[in-house]
Amino acid sequence: MQVFGELYEFNDQLLLNLKFSRKPLNKIAEKFKFVPEILRGERVLEGEDGEIVSDYIINLGKTDALSQIDYLNGRKTALEKYKNESAQEYKKYSSLYIKIFFMVGVLIAVLIA
């Protein structure tokens with residue numbers, strides 16, 4: 001959830017950067033936790049999610065500014081979709097874990113009593 005959330009914010013920052021200031025990618029990535037690792041080529045996600053991140057990063061900085069703006073605008077909706085899906089999964093599993101631990105606590109209390 002955090003990785004796709006950061007990539008979505010990074011994408012927005014890149015769009016603003018390309019339109020107004022033209023800073024290097026590393027400067028923009030400094031304020032994020034996972035984006036600098038991704039830019040260095042490290043894999044922060046595995047499987048299909050890792051491939052999505054890799055495909056996104058491969059095309060950054062390869063073309064002129066206008067093509068990059070078009071690319072980033074196109075990826076914005078896809079990143080928003082992945083961000084929302086991962087947030088829903090996180091909420092689903094986090095509530096599941098809370099319920100499981102609560103039930104384990106109740107079971108332990110019953111066994112002790």
Side-chain angles (χ1 to χ4, degrees):
M1 181 181 91
Q2 290 177 335
V3 173
F4 284 118
E6 279 191 15
L7 279 178
Y8 181 78
E9 293 297 322
F10 179 68
N11 193 67
D12 283 345
Q13 292 295 319
L14 282 178
L15 281 169
L16 291 173
N17 181 53
L18 284 171
K19 291 178 182 176
F20 300 111
S21 65
R22 311 269 170 124
K23 294 179 188 174
L25 285 176
N26 295 333
K27 287 287 187 189
I28 299 168
E30 286 177 348
K31 69 178 188 174
F32 298 102
K33 179 180 178 182
F34 296 106
V35 174
E37 295 174 14
I38 294 169
L39 290 176
R40 286 191 301 264
E42 298 175 17
R43 293 187 61 91
V44 295
L45 294 175
E46 298 297 325
E48 186 178 324
D49 292 338
E51 293 297 322
I52 292 167
V53 172
S54 296
D55 290 343
Y56 173 76
I57 294 298
I58 286 173
N59 293 316
L60 294 181
K62 301 287 183 189
T63 59
D64 63 303
L66 292 176
S67 298
Q68 284 290 297
I69 290 171
D70 291 339
Y71 172 74
L72 292 172
N73 279 328
R75 298 303 297 172
K76 185 176 183 174
T77 55
L79 287 172
E80 185 175 23
K81 180 184 121 192
Y82 294 131
K83 180 182 84 163
N84 291 337
E85 286 176 358
S86 63
Q88 287 174 353
E89 283 185 35
Y90 176 78
K91 287 177 186 176
K92 179 175 77 172
Y93 287 116
S94 66
S95 68
L96 176 66
Y97 291 136
I98 291 171
K99 291 174 185 173
I100 288 172
F101 287 126
F102 177 74
M103 294 304 292
V104 168
V106 169
L107 179 65
I108 290 172
V110 168
L111 291 175
I112 290 175

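Classified by interplanar angle (parallel below 30°, tilted 30° to 60°, perpendicular above 60°), the ring pair Tyr56/Phe10 is perpendicular.
The distance from the CZ atom of Arg75 to the CG atom of Asp55 is 7.0 Å, given to the nearest 0.5 Å. Once rounded to the nearest 0.5 Å, the distance linking CG of Asn11 with CG of Leu60 reads 8.0 Å. For the atom pair CG (Leu72) and NZ (Lys76), the distance works out to 10.0 Å, reported to the nearest 0.5 Å.
Put simply, the side chain of Glu6 gets close to the backbone of Phe34: a donor and an acceptor are under 3.5 Å apart. Side chain of Asn73 to main chain of Ile69: a donor-acceptor pair is present (N/O by atom type, distance under 3.5 Å, no hydrogens or angles).
At a threshold of 4.5 Å between non-hydrogen side-chain atoms, the residues Glu51 and Arg43 count as touching. Proximity of Leu25 to Leu14: side-chain heavy atoms (C-beta onward) are separated by under 4.5 Å at one or more points. In this structure, the side chains of Glu9 and Leu79 stay at 4.5 Å or more apart for every pair of heavy atoms.
At most 12 heavy atoms of other shown residues, nucleotides or ligands fall within 6.0 angstrom of atom CD in Glu48.
Linking Ile, Leu, Val, Met, Phe, Trp and Tyr whenever their side-chain heavy atoms come within less than 4.5 Å puts Val104 and Ile112 in one cluster. A single hydrophobic cluster is seen to contain both Ile108 and Phe101, as judged by linkage of ILVMFWY side chains at heavy-atom distances under 4.5 Å, directly or through other members. Under the 4.5 Å side-chain heavy-atom criterion for ILVMFWY residues, no single connected hydrophobic cluster contains both Ile38 and Ile58.
Contact record, Ala29 with Pro36: O-CG, 3.2 Å, taken as the closest heavy-atom pair.
The salt bridge (Lys or Arg N to Asp or Glu O under 4.0 Å) contacts involving residues 102-113 comprise nothing, where partners must be two or more places apart or lie in separate chains.
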